Trainee: 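This is the structure, below, for whatever I ask next.
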Amino acid sequence: MTEVKSPEVSAPPAAVPAELDPRPGRWHRVRPYLPLVALLVAAVLPYSTLQLPGIFEGPLNSPGTLQLLAICLIFGGLAAGYDLLFGRTGMLSFGHALYFAAGVYGTDVLVTKAGLPLWQAALLTVTGGTILAALLGAVALRTVGIAFAMVTLAFAQVGAILVARDFGGLTGGEEGLPLDVSGLPQALVGVTNTVNLYWLALAYLALVVLVVHRVSGSPTGRVLAGLRDDERRIGVLGLDPYRYKLVAFTLAGGLAAAGGVVYCLIVGGASPHITSSELTLSLLVMVVLGGPGTRWGPVLGGVLYMYLDHRLTAFGTSDAVDSLPAVLSRPLSQPLFVLGTIFILAVYFFPGGLAGLASRLTLLRRSLRLPSRTP
């Protein structure tokens, strides 16, 4: 009797869940172009007359709104540069404000006191700020951990004392030093040219983000990430941790000095509050709020922090707050109290910062999604 064999039929491939499918979806194809889209939107923003009541006091193209946005962009870039130290290399510096102040006061002194053209003053200031970071970093990096943080804080305090004491009659002491606009290009002077300063701040932010991302993706950036995780392992591999940390420290200081140049033009002078250690602590809060070591987290944290810092002052003096009971109106009228509360809640509920918010929401949505049942 002949045995009849049934033809072999291959089993259908197992269904792969959507979240485990390696094929790129529409979002993954569009995502690389989002930074360029955001840059284009920010560049054309001054042409918009859109009004956002409660968010900005005037339309988007008003000088007051553009100046606020320019300051937010400056500190977004400053936080991204500081993240090169803290988030990507693991160095906690309490003196980063010194190099930002060097950029502000250096530009102001060279333009106002020395009478140099802006381009010469900016070039000398950025070069001097970078050299200053290299010299002080060469000393501070001989220590590690909390000792390193204290040494950087000591250097920053020396700078703050020199500014407050009006060293050489150059800084103006506690009153600050107004910027002499007679030596500036006409395109950067006057309320009507605030849009040019906004574009200058946007260009600075784009430059910092480009530099930080190129460094992070380079072999040097991988060594810096290794220093953050385990410095001894880098030494075992035959690399000099001191040299790489000095490169990161110097580069971050130079980027901060460049931001000080643009900030001096936006606010029209220099004031001693930028030399305080509170500014460095604010940078630390910006980075933690946005997400240390992430691509866009420090930028988002810096922009959001400075926006809230400026807008909460107006919110604290508004009629809505004054009409509340004293137990609520008094704390809400203090911007630092509101900022501290927001920071505590953000760290508690979103430990990864704003940069990790999207992934956490995605995981939450997937966990709440009920599996489909087939009869």
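Just so you know, these numbers come straight off a predicted model, no measurement behind them. Numbering starts at 1 and runs along the sequence shown. All values below were derived from every heavy atom in this structure, side-chain atoms included, with hydrogens, water molecules and symmetry-related copies excluded.
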Trainee: When you group the ILVMFWY residues by side-chain heavy-atom contacts below 4.5 Å and let the links chain together, are V126 and V212 in the same group?
Mentor: no

Trainee: Over all heavy atoms of both residues, which pair between L205 and G77 is shortest? Give the atoms and the distance, please.
Mentor: CD1-N, 3.3 Å

Trainee: For P298 and G291, which heavy atoms make the closest approach, and how far apart are they?
Mentor: CD-O, 3.5 Å

Trainee: Measure the CG-CG distance between D309 and L304 for me, rounded to the nearest 0.5 Å.
Mentor: 11.0 Å

Trainee: Verify, without hydrogens or angle tests, whether D180 (side chain) and V111 (backbone) share a donor-acceptor contact under 3.5 angstrom.
Mentor: no

Trainee: Give a yes or no on whether the backbone of L124 and the side-chain of T127 come within a donor-acceptor separation of less than 3.5 Å.
Mentor: no

Trainee: Quick one, T171 with L177, criterion side-chain contact (heavy atoms from CB on, under 4.5 Å). Give me CA distance, side-chain angles, the key distance, then yes/no.
Mentor: CA-CA 6 Å; T171 63; L177 183 64; 5.9 Å; no

Trainee: Taking the six-membered ring for Trp, are F86 and Y82 parallel (under 30°), tilted (30 to 60°) or perpendicular (over 60°)?
Mentor: parallel

Trainee: Which distance, rounded to the nearest 0.5 Å, do you find between the CD1 of I342 and the CG of L312?
Mentor: 6.0 Å

Trainee: Could you walk me through whether Y105 and L170 pass the side-chain contact (heavy atoms from CB on, under 4.5 Å) check?
Mentor: CA-CA 9 Å; Y105 274 96; L170 298 176; over 6 Å; no

Trainee: Give the minimum heavy-atom separation between G87 and P292, together with the two atoms involved.
Mentor: CA-CB, 4.0 Å

Trainee: Can you check whether A97's main-chain N or O pairs, donor with acceptor, with T280's side chain at less than 3.5 Å?
Mentor: yes

Trainee: Look at the side chain of T152 and the backbone N and O of F148, then say whether any donor-acceptor pair between them is shorter than 3.5 Å.
Mentor: yes

Trainee: When you compare the side chain of L224 with that of L227, does any pair of heavy atoms fall below 4.5 Å?
Mentor: yes

Trainee: Do L85 and F249 make a side-chain contact, defined as non-hydrogen atoms from C-beta onward lying under 4.5 Å apart?
Mentor: yes

Trainee: Do the non-hydrogen side-chain atoms of L92 and L284 ever get within less than 4.5 Å of each other?
Mentor: yes

Trainee: According to a hydrophobic-cluster definition based on side-chain heavy atoms being under 4.5 Å apart (Ile, Leu, Val, Met, Phe, Trp, Tyr only), do L73 and I55 belong together?
Mentor: yes

Trainee: Output yes when a side-chain donor or acceptor of T65 lies under 3.5 Å from a complementary backbone atom of P59, and no otherwise.
Mentor: yes

Trainee: For residues V261 and L210: do they belong to one hydrophobic cluster (side chain heavy atoms under 4.5 Å, members Ile, Leu, Val, Met, Phe, Trp, Tyr)?
Mentor: no

Trainee: Just how far is it from atom OG1 of T107 to atom CG of L118, taken to the nearest 0.5 Å?
Mentor: 7.5 Å

Trainee: At their closest point, which heavy atom of P46 faces which heavy atom of V195, and how far apart are they?
Mentor: CB-CG2, 3.4 Å

Trainee: Less than 6.0 Å separating the ring centroids of Y263 and F100?
Mentor: yes

Trainee: Does L179 offer a backbone N or O that forms a donor-acceptor pair with the side chain of T112 under 3.5 Å?
Mentor: no

Trainee: Under 4.5 Å between side-chain heavy atoms, counting indirect links through other Ile/Leu/Val/Met/Phe/Trp/Tyr residues: same cluster for M286 and L281 or not?
Mentor: yes

Trainee: More than 12 non-hydrogen atoms from neighbouring residues, nucleotides or ligands closer than 6.0 Å to CD on E174, yes or no?
Mentor: no

Trainee: Within a strict 4.5 Å, meaning less than it, do heavy atoms of the L135 and L132 side chains meet?
Mentor: no

Trainee: Report yes if the side chains of T89 and K245 come closer than 4.5 Å at any heavy-atom pair, otherwise no.
Mentor: yes

Trainee: Write down the atom of A133, the atom of G253, and the distance for their closest heavy-atom approach.
Mentor: CB-CA, 3.8 Å

Trainee: Quick one: CG on L141 to OG1 on T143, what's the gap to the nearest 0.5 Å?
Mentor: 7.0 Å

Trainee: Does L50 share a hydrophobic cluster with L66, counting links as ILVMFWY side-chain heavy atoms below 4.5 Å and allowing steps through other members?
Mentor: yes

Trainee: Please confirm whether the backbone N or O of T130 pairs with a side-chain atom of T250, one donor and one acceptor, at under 3.5 Å?
Mentor: no

Trainee: Give the C-alpha distance, both sets of side-chain angles, the deciding distance and a yes or no for side-chain contact (heavy atoms from CB on, under 4.5 Å) between C264 and V104.
Mentor: CA-CA 5 Å; C264 179; V104 177; 4.1 Å; yes

Trainee: Could you tell me if the side chain of S277 sits less than 4.5 Å from the side chain of F94, heavy atoms only?
Mentor: no

Trainee: For side-chain contact (heavy atoms from CB on, under 4.5 Å), just list the numbers for Y242 and E231, CA-CA rounded to whole Å, side-chain angles, deciding distance to a tenth of an Å, and then say yes or no.
Mentor: CA-CA 10 Å; Y242 175 82; E231 182 176 337; over 6 Å; no

Trainee: Is the shortest heavy-atom distance from the side chain of Y198 to the side chain of T194 under 4.5 Å?
Mentor: no

Trainee: Distance check, rounded to the nearest 0.5 Å: L265 atom CG versus L200 atom CG?
Mentor: 6.5 Å

Trainee: Is the backbone N or O of L45 less than 3.5 Å from a side-chain atom of S48, with the two atoms forming a donor-acceptor pair by type?
Mentor: no

Trainee: Holding to salt bridge (Lys or Arg N to Asp or Glu O under 4.0 Å), I want the full list of residues that pass it with R88, two or more places apart in sequence or in another chain.
Mentor: D83

Trainee: When rounded to the nearest 0.5 angstrom, what distance separates CG in L246 from CG in D240?
Mentor: 9.5 Å

Trainee: Side chains of Y307 and F75, heavy atoms from C-beta outward: is any pair under 4.5 Å?
Mentor: no

Trainee: For L283, is there any backbone N or O sitting under 3.5 Å from a side-chain donor or acceptor partner on Y305?
Mentor: no

Trainee: So, using salt bridge (Lys or Arg N to Asp or Glu O under 4.0 Å) as the criterion, who are the partners of R311 when residues are at least two apart?
Mentor: E57

Trainee: Which atoms form the tightest heavy-atom contact between A70 and A201, and what is the distance?
Mentor: O-CB, 3.6 Å

